[in-house]
Structures are given as structure tokens and as C-alpha cells.
Amino acid sequence: MNRILAIIGASQLVTLDGPDRPRIGAEMRELAIINDGAMLLRDGRIVQTGARGEIEKLIDADCEVVDAGGRVVMPGFVDAHTHPVFAGNRADEFEMRAAGKSYQEIAASGGGIRSTVLKTRAASEDELFAASRRYCEWFLRAGVTTIEAKSGYGLTTEDEIKLLRVIRRLDEEAPLRYVPTFLGAHAVPDEYKNNRSAYVDLIVNEMIPRVAREGLARFCDVFCESSAFEVDESRRILQAARAYGMGLRVHADQFSPGAGSQLAAEFGAMTADHLEYAGESQIWSLKSANVQPVLLPASVLMIGSHRYPDARAMIDAELAVVLATDFNPGSSPTPSMPLVLTLASTQMKMSPAEAIAAATINAAYSLGLGGEIGSLEAGKRADFVIHDCDDYRELGYFAGVEHSVGVYVAGRLEWPS
Ligand code: NIG
Ligand code: FE
């Protein structure tokens, strides 16, 4: 069916039109905004963007018209780092942190990732699907249209496969787009505590081949940190994933400056994520291989730390910075990209424009989807959001407000549904 739709009356149509690559340096501040803008869509793709008068000329009787009513229209957020499939939650740890315990202390005393692993192993695929389907609604409401989704709360072959199947089913049945990442190297499970290398063997010899055979993940991620996987362990895992053709992402330098960034560079990984402790040498490593930094300020906020990554140094180094939520039940129980924009500007001194480029087009490129999503350009998928504000800077500025009033995926209104 030829479904033609025109969106008119955008106070600002924030297109992010630009080169066919991620934005760096001053380019991150160029959002290619069309004032009083409009766009024409056909069958879920963008045909043309332009000034209202220009697009209105193309409207005929077959065309459905949506008036944005003088509001901002921009690409859906692309959240390039989430852990959205898990059972239960860790509100108890939230309370413990309020009472003074740190995230790492809680993890070291049996809480943290391992406590979610126990509950997630006990849950069925249907139960996990139902829980994650609820979070899907939260993402949509916040104006997110694509998320990268990691496994990592199973940590046995069958349980990791179970999580990745849930992600596949969500992608098929829920309105959000999901990009699956295998994160068997999220933590060493208790049963391997005294035999870590056997767990790495299991990931390399059994999990990765199986995940690849079933086509369940586009990326492989490793939590490279002294409290999780050491550099040599991480290297073995990345080698195996690369051999199976997976793209690579690395959780690096979250709690200490380590060799995670260097490792990401050594493998030409797509991204190095977190980077709270990344300094000059880590930034230099990322630059040497054009690895995209994925910054997760909500996880800094939620664990009560004050150590934010040095976004300014990364932008100055012309790295193609990405912002994401890190949605997970422990360090970052928020699906809110608007909150991330607020933190990016208040805590990391990114301009509102830089933050938007990092949360859309740069995020799309970090998932290998820069040609399809992340900007409003002819030929791309019509994933966009109408926000109830007349200037894009209000998104992070009016903090804690749900701005989105219409979320469209492939030209279809998905929220409110
Ligand atoms: O990205 N760093 C490791 N993993 C998550 C935390 C997951 C959890 O606490 O359950 C993160 O912060
Ligand atoms: Fe994470």
C-alpha cells in the first residue's frame, strides 16, 4: 500500500541533515534546522523535507496530513547502550545507596549484577518478554525509537540465548527497533568464581559460536574492568566474536582508568562505553582507531557518583561522541534520553545541540545504522517525534518533563497508541 503522509507546522524541523558519517567537532553543533518545516513520507520512509510552503505544494487528496501545531519535530532518539531484559528490580539497592553504601560495595557483597542474574535465570522467556515489553513503552514515551539491547543477565549458554530470543521477539512484536548485543562477559557467574578461565572458555567455545549460528546478535560486548573481565580475558572474547563476524563494543574505564579503551582501539571496536575514568591517553587510543565513545551520564547520577566522563576533551579530539541511557536495573534504572540530555549539558558541558547530535545521528552510526535512521533525510526511515516545545533546547532545559506528544516509527504513530 502506498501510504503518503505529510507532517506540517513544525516550529523547528530538526533534520540533522549532513555528511554520510558521524558528526565530529563543530559539526556536532550543526543540526540543520528548518524553521516552520514540513516533511513528506511514503510507506514509512522520508521522501522530502523542506519549508512548509514547499511541502504543502506536494500534498494531494491521497495524502494524510499531520499538523505538528508549532512544535519541535526531530528524529527519534537512538539509545545505543541498554540492558533492557531482566527479571525483578533492585530498588533495595537504591535504598542501600541512599543509606551510604556504594554501588561497588553492594556488588562485592553479593548484590549487583549477580543478584539480577539469579532472578533472570529463574524467569521464563514469556515472563522476561512481559517485563521488557513494559520498558519498551517507557522508551517510546521518552521519544526513543531504536535501542541497542544487551543480554548479560543469564551467564549460561541457555540463559543468554533465552535473553537474546526475548530481544528478537521484542524487535518483531514491539514497535521499538532493537539491535541485539551479546554480553555473556558481563560478570563471572558465582559457579565459576574459582575458575574464571573456564567461564571465558565457555563464552569463546560455546556461547559465541551458538549465538552466531542462530543469528541472535549483531554485536558482542565485554565489561572490561578489574572487577569484571581482565584485559587478557576480554581480548580472548573479542577475538572470538570478531572471528564470527560480530561488531564489537567494550564497557571501558567505568570505575578505574584501565586498558579498556586501548583494547577497543586494538580491535577497531565500534564503541567504547562509559569512560568515566578515561584521560588523555585513553582518548588518544580511541582517536587512533576512530572508536566512538558512548557516554552514560545517567549511570553516574544514579550510582551517586560525581565523576562524569570528559565529553569536552572528547569533542575537542574530534571523537564522534554518543549519548545513551545505559538502562539497567542497577546502575541506571532510567530509559529517559531527555534526562541524559539534561545531564550532558549541566554536568558534561555539552551544548544542547551537541547532545542532540550525540543522541541521534552519532548513535545511529555507532550501531551501523547511520544510513537508515538518526536524521530526517530523504530515503531514511520515518522514525520521528513531535515534542511539545518550540525550541529543541527546551528538551534538556525543562528537566524531568515528558516532552514527546507523538512518537512515530516507520511513519506510524506508536505512542500514544
Ligand atoms: O553498564 N557496567 C556494567 N554493567 C551495567 C550495570 C549493570 C547492573 O548493575 O546490573 C552498566 O553500568
Ligand atoms: Fe552498560
Side-chain angles (χ1 to χ4, degrees), residues 79-94 96-97 101-121 123 128 131-132 135 147-155 159-160 163 167 179-189 219-230 234 237 248-256 258 260-261 264 269-278 293-305 307-309 322-335 340 343 363 366-367:
D79 189 345
H81 183 137
T82 85
H83 308 248
V85 184
F86 53 85
N89 68 50
R90 308 218 298 269
D92 54 340
E93 295 182 5
F94 178 65
M96 286 160 82
R97 289 200 296 279
K101 280 240 176 339
S102 74
Y103 176 81
Q104 291 100 308
E105 281 165 356
I106 294 167
S109 62
I113 295 172
R114 276 145 63 216
S115 78
T116 297
V117 168
L118 293 181
K119 292 182 212 150
T120 304
R121 285 178 177 175
L128 289 168
S132 310
Y135 307 135
I147 66 172
E148 180 260 14
K150 303 175 196 295
S151 65
Y153 292 115
L155 311 187
D159 287 304
E160 285 295 303
L163 266 67
I167 295 169
V179 179
T181 293
F182 167 64
L183 180 56
H186 196 190
V188 177
F219 293 98
C220 176
D221 192 346
V222 180
F223 185 10
C224 181
E225 188 79 38
S226 55
S227 56
F229 291 83
E230 301 287 355
S234 302
I237 293 161
L248 306 176
R249 314 179 89 77
V250 182
H251 277 70
D253 306 317
Q254 181 180 10
F255 297 115
S256 55
S261 298
M270 207 70 158
T271 65
D273 304 44
H274 278 287
L275 304 173
E276 285 84 340
Y277 283 82
V294 180
L295 309 184
L296 309 164
S299 69
V300 180
L301 175 83
M302 295 303 300
I303 66 173
S305 159
R307 175 96 186 202
Y308 287 88
V322 176
L323 286 167
T325 63
D326 195 15
F327 176 67
N328 73 69
S331 66
S332 193
T334 177
V340 169
L343 294 171
S366 85
L367 297 175

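Every number for a ligand or one of its atoms is a count from 1 in the order of the listing. If you're wondering where the values come from, they're calculated on a predicted model, not measured in any experiment.
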Hey, mind stepping through His186 and His251 against side-chain hydrogen bond (donor to acceptor under 3.5 Å, both in side chains) and telling me if it holds? CA-CA 9 Å; His186 196 190; His251 277 70; 5.3 Å; no
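Partners of Asp79 according to the salt bridge (charged side-chain N to carboxylate O under 4.0 Å, His left out) rule, which considers only residues two or more places apart in sequence or in another chain, do not exist here.
At the shortest separation from atom 3 (C) of ligand 1 among protein heavy atoms lies Phe223 CE2, 3.3 Å. In terms of protein heavy-atom proximity, atom 2 (N) of ligand 1 is closest to Gln254 OE1, 2.7 Å. Nearest protein heavy-atom neighbour of atom 9 (O) of ligand 1: Tyr103 OH, 2.4 Å.
Those atoms of ligand 1 that come under 4.0 Å of a heavy atom in Ile113, given as number and element, are 7 (C), 8 (C), 9 (O), 10 (O).
At a heavy-atom distance under 4.0 Å, atoms from both the backbone and the side chain of Ser331 approach ligand 1.
In this structure, Glu225 falls outside the shell of residues with a heavy atom less than 4.0 angstrom from ligand 1. Within the structure, the closest approach of Tyr153 to ligand 1 falls below 4.0 Å when heavy atoms are considered.
When ring centroids are compared, His83 and Phe327 stay outside the 6.0 Å threshold. Taking the six-membered ring for Trp, Phe94 and Tyr103 have ring centres at least 6.0 Å apart.
Salt-bridge annotation for Glu148 and Arg249: present, with a side-chain N of the basic residue lying under 4.0 Å from a carboxylate O of the acidic one.
Residues His274 and Asp326 meet the side-chain proximity criterion, which asks for heavy atoms closer than 4.5 Å. At a threshold of 4.5 Å between non-hydrogen side-chain atoms, the residues Leu128 and Leu163 count as touching.
Within 6.0 Å of atom NZ in Lys101, 12 or fewer heavy atoms from other residues, nucleotides or ligands are found, so the atom counts as exposed in its surroundings.
Formation of a donor-acceptor pair under 3.5 Å by the Ser305 side chain with backbone atoms of Val300 is not found in this model. Under a 3.5 Å cut-off, the side chain of Thr181 and the backbone N or O of Asp221 do not form any donor-acceptor pair.
Taking 2.8 Å as the limit, the number of protein N, O or S atoms around the Fe ion (ligand 2) is 4.
Considering backbone and side-chain N/O atoms, Asp326 comes within less than 3.5 Å of an N/O atom of ligand 1.
Comparing His186, Met302, His81 by heavy-atom distance to atom 4 (N) of ligand 1, the nearest is His186.
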